[in-house]
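Data first, discussion second: the structure below is written as structure tokens.
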Amino acid sequence: MNRQSVIDSINKHKKQPNLRFALKERVESFTNLLFYTLFDIDTPVDENLDKLEQEFDVLVQLACWEVDKPCKKLWENYVVKLPEVLESLNLDAEATVNCDPASLSIEEVYMAYPGFYAIAIYRLAHELFLEGFPLVPRLMTEYAHRQTGVDINPGATIGSSFHVDHGTGIVIGETAIIKNNVKIYQGVTLGGLYVAKHLQKTKRHPTIENNVTIYANATILGGETIIGENSIIGGNAWITASVPAHSTVFHTPEIKIKTLPHA
């Protein structure tokens with residue numbers, strides 16, 4: 001096969017007309033600029049809002065494939081929500097300071113905690129998801145996932161004062177609902193009980209009520225599964241049915257004590 005044949009064959013099999021990886025790179029740039037605009041004290045908000053709008057226009061050109069959809073208006077709807085998102089994220093940071101005895105300052109949370117960063121990008125992406133612009137928020141949360149190991153689908157619904165400790169390995173599915181003052185540790189999965197394409201429009205992931213703590217590597221599955229308020233889910237628990245309020249659920253290890261040498 002000569003060079004031209006290789007080129008022709010590759011072009012023949014490049015079948016996705018909208019697949020431009022420039023979109024992924026521009027989303028990452030937009031996400032970084034957005035994060036700095038909201039949090040960095042030396043970043044001028046007024047100048048950066050203009051830059052963000054310009055960056056967003058590029059994202060619209062790359063990702064708004066439905067010509068009859070007024071994607072340009074998305075920025076106008078989105079930017080007015082940023083103060084509210086920032087207020088919510090400040091509560092998340094305060095929750096982490098109050099929950100984690102290892103935190104030395106709130107500045108440390110903003111700059112060094114992967115859980116907070118993942119929550120921040122999720123909240124910023126979620127508002128775009130609600131506007132019906134799904135690919136960009138998905139790329140935003142995947143960017144955060146790649147950096148932190150925390151995988152939060154932008155479609156999930158998360159209440160106020162959310163604390164993620166350590167974070168690595170956490171998975172929160174698209175239809176999960178997490179209410180207020182919830183704490184989640186590393187390795188937790190809020191997932192679907194079944195995986196099938198026809199379930200796309202159904203609630204597949206659990207609901208976590210107020211003031212719940214979920215410890216490391218617990219797995220909670222199913223759209224009908226509800227963890228009642230003020231409950232504690234211990235590490236490595238496997239849950240596929242609802243748990244009443246004020247419950248404690250834990251995995252009991254089997255312990256065998258040797259009574260004879262080499263037994």
Side-chain angles (χ1 to χ4, degrees), residues 85 88-103 106 108-110 112-126 129 140-193 203-251:
V85 173
S88 182
L89 288 170
N90 288 336
L91 291 176
D92 296 325
E94 290 169 12
T96 292
V97 169
N98 294 332
C99 290
D100 186 2
S103 63
I106 197 164
E108 181 187 18
V109 172
Y110 287 109
Y113 274 58
F116 175 78
Y117 183 80
I119 295 167
I121 303 310
Y122 152 76
R123 292 203 188 278
L124 292 166
H126 180 67
F129 180 90
M140 290 172 70
T141 55
E142 185 53 35
Y143 179 49
H145 178 203
R146 193 165 75 246
Q147 295 188 85
T148 66
V150 180
D151 185 359
I152 308 177
N153 190 288
T157 302
I158 300 178
S160 65
S161 299
F162 183 43
H163 169 55
V164 167
D165 204 343
H166 303 294
T168 306
I170 286 175
V171 177
I172 300 175
E174 178 187 22
T175 61
I177 297 174
I178 300 173
K179 297 193 178 178
N180 303 324
N181 304 305
V182 171
K183 296 186 283 291
I184 292 182
Y185 287 74
Q186 69 272 16
V188 167
T189 296
L190 305 182
L193 188 57
K203 188 178 185 304
R204 308 180 303 282
H205 307 97
T207 296
I208 313 299
E209 296 286 351
N210 296 331
N211 307 310
V212 170
T213 298
I214 308 173
Y215 283 103
N217 299 312
T219 298
I220 305 172
L221 305 178
E224 297 182 1
T225 301
I226 300 172
I227 306 300
E229 64 181 9
N230 303 310
S231 292
I232 297 174
I233 308 301
N236 296 308
W238 175 274
I239 298 174
T240 59
S242 293
V243 171
H246 312 289
S247 296
T248 300
V249 180
F250 56 91
H251 170 75

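Partners of Tyr122 by ring-ring contact (aromatic ring centres under 6.0 Å, His included), not counting sequence neighbours, listed by chain and number: His126.
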| Could you go step by step and tell me if Thr207 and Ile226 meet the side chain to side chain contact (heavy atoms under 4.5 Å, CB included) rule? | CA-CA 5 Å; Thr207 296; Ile226 300 172; 4.2 Å; yes
| request: Take Leu89 and Tyr110 through the test side chain to side chain contact (heavy atoms under 4.5 Å, CB included) and record every step on the way to the result. | output: CA-CA 10 Å; Leu89 288 170; Tyr110 287 109; 5.8 Å; no
| Could you go step by step and tell me if Ile121 and Gln147 meet the side chain to side chain contact (heavy atoms under 4.5 Å, CB included) rule? | CA-CA 11 Å; Ile121 303 310; Gln147 295 188 85; over 6 Å; no
| Going through the distances and angles, do Tyr215 and Ile232 end up as a side chain to side chain contact (heavy atoms under 4.5 Å, CB included)? | CA-CA 8 Å; Tyr215 283 103; Ile232 297 174; 3.7 Å; yes
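Taking all atoms of both residues into account, the shortest heavy-atom contact from Ala218 to Gly234 is CB-O, 3.7 Å. In plain terms, the two heavy atoms of Val150 and Gly167 that are nearest each other are CG2-O, 3.3 Å. When all heavy atoms are compared, the tightest approach of Ser231 to His246 is OG-N, 3.4 Å. In this structure, Ala118 and Thr148 approach most closely via the heavy-atom pair CB-OG1, 3.9 Å. Closest approach of Glu209 and Val212 over heavy atoms only: O-CG2, 3.2 Å. For the pair Ala156 and Gly173, the tightest heavy-atom approach, listed with the atom from each and the gap, is CB-O, 3.4 Å.
Heavy atoms from other residues, nucleotides or ligands lying under 6.0 Å from NZ of Lys203 number more than 12.
Taking CD1 of Ile172 as the reference point, atom OG1 of Thr157 lies at 11.0 Å (rounded to 0.5 Å). Taking CD1 from Ile106 and CZ from Phe116, the interatomic distance works out to 8.0 Å, rounded to the nearest 0.5 Å. Note that CG of Asn90 and OG of Ser160 are 12.5 Å apart. Values are rounded to the nearest 0.5 Å. Rounded to the nearest 0.5 Å, atoms CD1 (Ile170) and CD (Gln186) are 7.5 Å apart. Here the straight-line distance linking atom CD1 of Ile220 with atom NE2 of His205 works out to 12.5 Å at 0.5 Å rounding. Atom CZ of Arg123 sits about 8.5 Å away from atom CD1 of Ile152, to the nearest 0.5 Å.
Between Tyr185 and His166, the ring-plane angle classifies as tilted under the 30° and 60° cut-offs.
Using modelled atom types, no side-chain atom of Thr240 and backbone atom of Leu221 make a donor-acceptor pair closer than 3.5 Å. The main-chain N or O of Asn210 is never found under 3.5 Å from a side-chain atom of Asn181 such that the two would form a donor-acceptor pair. At least one donor-acceptor pair closer than 3.5 Å links the side chain of Asn98 to the backbone N or O of Glu94.
A donor and an acceptor atom, one from each side chain of Ser161 and Asn180, are nowhere located under 3.5 Å apart.
Within the structure, salt bridge (Lys or Arg N to Asp or Glu O under 4.0 Å) contacts touching residues 144-157 (residues at least two apart or in different chains) are Glu28-Arg146. Legend: salt bridge (Lys or Arg N to Asp or Glu O under 4.0 Å) pairs involving residues 210-230, not counting sequence neighbours: none detected.
For the pair Phe129/Met140, no side-chain contact is recorded, criterion being any heavy-atom separation below 4.5 Å from C-beta on.
Shown are Thr213, Thr225, Ile214, Ile158; of these, the side chain to side chain contact (heavy atoms under 4.5 Å, CB included) with Ile208 is made only by Ile214.
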